[in-house]
Each structure stands twice: as structure tokens, then as C-alpha cells.
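Quick note: numbers below take in every heavy atom, side chains included, and nothing from hydrogens, waters or symmetry partners. Counting starts at 1 for both ligands and their atoms, in listed order. The structure presented is a predicted model; accordingly, all values stated were derived computationally and were not measured.
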Amino acid sequence: MSDVDTLEAERTARSSDAFPIVVEGLRNAFGDHVIHEDLSLKVRKGEILGVVGGSGTGKSVLMRSIIGLQQPEAGEITVLGHHMDASTDDEGRDLRSRWGVLFQGGALFSTLTVGENVEVPLRQFYPEIDDTLRSEIARFKVRLTGLAEEAAYKYPNELSGGMRKRAGLARALALDPELLFLDEPTAGLDPIGAAAFDRLTRELADSLGLTVFLITHDLDTLHAICDRVAVLADKQVIAVGTIPELLALDHPWIQEYFNGPRGRAALCAKDDISMKDGAPKDRAPVTQGGSAPEEPVLKNTNGSGA
Ligand SMILES: Nc1ncnc2c1ncn2[C@@H]1O[C@H](COP(=O)(O)OP(=O)(O)OP(=O)(O)O)[C@@H](O)[C@H]1O
């Protein structure tokens, strides 16, 4: 390795300590339909980053690009210090074992029990683990998500929607990941179930030290558990910041989203809960790992919204 390569590797390693996910200049298109153009985003270590945007703005395509399920036309994606397009098969496999994904709908195998579903990634990445230990780990992960251990022996269609989400989360946590990707985890849940799932996500993120990329339309989720929110519109991430920072921006989609009737209701609900607990609570800023450079809140003000 040349001196220049070594310096570059050290720079990437330092940056990945602060930002486990870095997307730069991303372009995605399906035929003539351009989804992302010159999109950039940095996810800070240890944060829960909410990702919002109108329907079809490309939130799921962005997530799929980051985890290597979508080949971008241009741009660079670095995950945990590895350039996604330059990773060898072994590096790719190692990376896949360091993140967990909860897809929309849970994506559980209907012919396997919950426990067997959780065992799937364990079998794939650690075939040497014996059957007894593997099943014990799976049952532990099931309990970790707040399900009773008996749920491990049930099939997905025997569970409620909320329980299925937890089962999907248990599978996403099977390999003790550093990164967790959640695609609309509270969609389809009643408000109480959604709030409980939010609390679970926050507790797990804090106790396991996870960095969470969370796609959602749920304003309550954003207020309750997200450290920062990234807004997709006009084929880019137009802004990233805390909700108060975003509220201060004069962008029509952001104002409509956070200051519209539903946005205001979510804010009131959050304030109600905070006051009941004794004092208004805004989440403390996440530690940036030392030398992380400042990022602008608003990246592009020229759009008229999604
Ligand atoms: N495999 C594909 N082939 C063609 N077009 C696709 C494909 N996947 C996604 N798209 C298109 O890309 C656009 C972005 O899709 P994506 O699912 O990322 O949107 P989203 O922001 O997650 O939307 P929603 O909030 O409704 O889930 C949509 O117009 C969708 O139709």
C-alpha cells in the first residue's frame, strides 16, 4: 500500500468512527425516472436518524443502496469504513453481518416459526454454532424485543401485527449488529402499539449502542425517539437536523409537514408527555466522536418541495 493509500485509509477510518454511514453524490434512476441526483448524507454514530419525505421520494431506494441491494448509477457509499462498490465478497459478507434490517411488513418466512426465522441469519453467518446454542440465542433475541419466549414457537400468522414487528426486529438483531435499518416500523400499528415499539427502539438503541436509520411517515416517532431527521425532496436530502432546527427552515414541504395540523398535533402530544414527566425534554445532541465536522442543516433551498 502506498503512503497516499495509507493516509486515505486512515482518513476513512477516522471519518467512519464519527459517521458509520456516508453517502456522497448518489444517483439512482430507473430508466428515465431519476430518483436521486447528487444526494449526500452522513449518519452520526449512535444516533437514531429519522428519514422522511413524500411518497416516492426514494427513502426505501436510499436504504437499499446503502445496504447494497440497489446498484447506484453514480456516487460513493461508505458503510463502517468500507466503500460499498469496492468491497470484496468477504468484506461484503462481513459488512452484512454488522447490520440488521427490518423491512416494511417484517418480511418473515411464513413457513418458519419466529425462533426459526431469527435463526436464519445465525445459520447463514455462523454455521459452526450448534443447534442448541443457536436456538438459545434466538430465544434470547425474541425476549429482548419484549415478546414472551413462547412466541419463538409460533408461526408469523399466529401473531398480531405488533408482535410480528417485534419478531422482525428480533431477527434484525440476531447478529448483534452495529447498524439497524428500519423501514416504516410503526406502519399499520395502533397508536399504543406504535408508541411501545418506539420506546423499544430507543431503549435497544441506547443499551446496545446502535446507530439507527429509520424511515418513517410517523410524526410521533420522529418527535419521540429521533435525534435528527433527514428530509428527502427534489431527489436529494435537502436538510438534516433536529426538529427545532428543521422547523426554523423556510422550506415549503418542511413547513407543511412539521407545521401542518398533524405535525402540530404530534408536537403537542410530545409536549404533553414531557410535561407529565416533569419537564419538557429535548433529546441531547449525540456525541459526534470528536473531530466530526459541522454539517449544514439546510443543504438546498431551491426546491419547491416533494
Ligand atoms: N425496482 C424498481 N423498479 C422501478 N422503479 C422503482 C423500483 N423501486 C422503486 N422504484 C421507484 O422509485 C421511486 C422511489 O421508491 P421508494 O420505494 O424508495 O419511495 P419511498 O420514498 O420509500 O416511498 P413510500 O414513502 O411511499 O414508501 C418510486 O417512484 C418507485 O416507484
Item checked: Nearest-contact summary for atom 30 (C) of ligand 1 - protein heavy atom, Å -> His33 CE1, 5.0 Å
Notebook entry, point to check: Between atom CD of Gln70 and atom CD1 of Ile35, what is the distance when rounded to the nearest 0.5 Å?
Noted result: 8.5 Å
Next item on the list: Look at atom 8 (N) of ligand 1 and find which of His36, Arg64, Gln70 reaches it with the closest heavy atom.
Entry: Arg64
Notebook entry, point to check: Heavy-atom contact under 4.0 Å between Gln104 and ligand 1?
Noted result: yes
Checklist line | Selected option - heavy-atom contact closest to atom 17 (O) of ligand 1, from Gly54, Ser65, Ser60 | finding: Ser60
Check: atom 27 (O) of ligand 1: which protein heavy atom is closest, and how many Å away?
Finding: Glu184 OE2, 3.4 Å
Notebook entry, point to check: What protein heavy atom sits nearest atom 14 (C) of ligand 1, and how far off is it?
Noted result: Gly56 O, 3.5 Å
Note to self: Once you restrict to heavy atoms under 4.0 Å, what part of Ile35 touches ligand 1? Side chain, backbone, both or neither.
What the structure shows: side chain
Note to self: Can you see whether Phe19 has Lys42 sitting over its ring - NZ or CZ less than 6.0 Å from the centre and within 45° of the normal?
What the structure shows: yes
Item checked: Electrostatic pair Arg202:Asp198 at N-O distance under 4.0 angstrom -> no
Check: Does ligand 1 have any atom sitting under 4.0 Å from a heavy atom of Gly53?
Finding: no
Check: Is there a donor in the side chain of Arg139 and an acceptor in the side chain of Ser135, or the other way round, less than 3.5 Å apart?
Finding: yes
Next item on the list: Identify, for atom 26 (O) of ligand 1, the protein heavy atom at the shortest distance, and state residue, atom and that distance.
Entry: Ser55 OG, 2.7 Å
Next item on the list: Could you tell me the separation between the CZ atom of Phe140 and the CG atom of Leu173, rounded to the nearest 0.5 Å?
Entry: 9.5 Å
Next item on the list: Distance to 0.1 Å, residue and atom name: give those for the protein heavy atom nearest to atom 1 (N) of ligand 1.
Entry: Phe30 CE2, 3.7 Å
Checklist line | Distance-only N or O hit between ligand 1 and Val61, under 3.5 Å | finding: yes
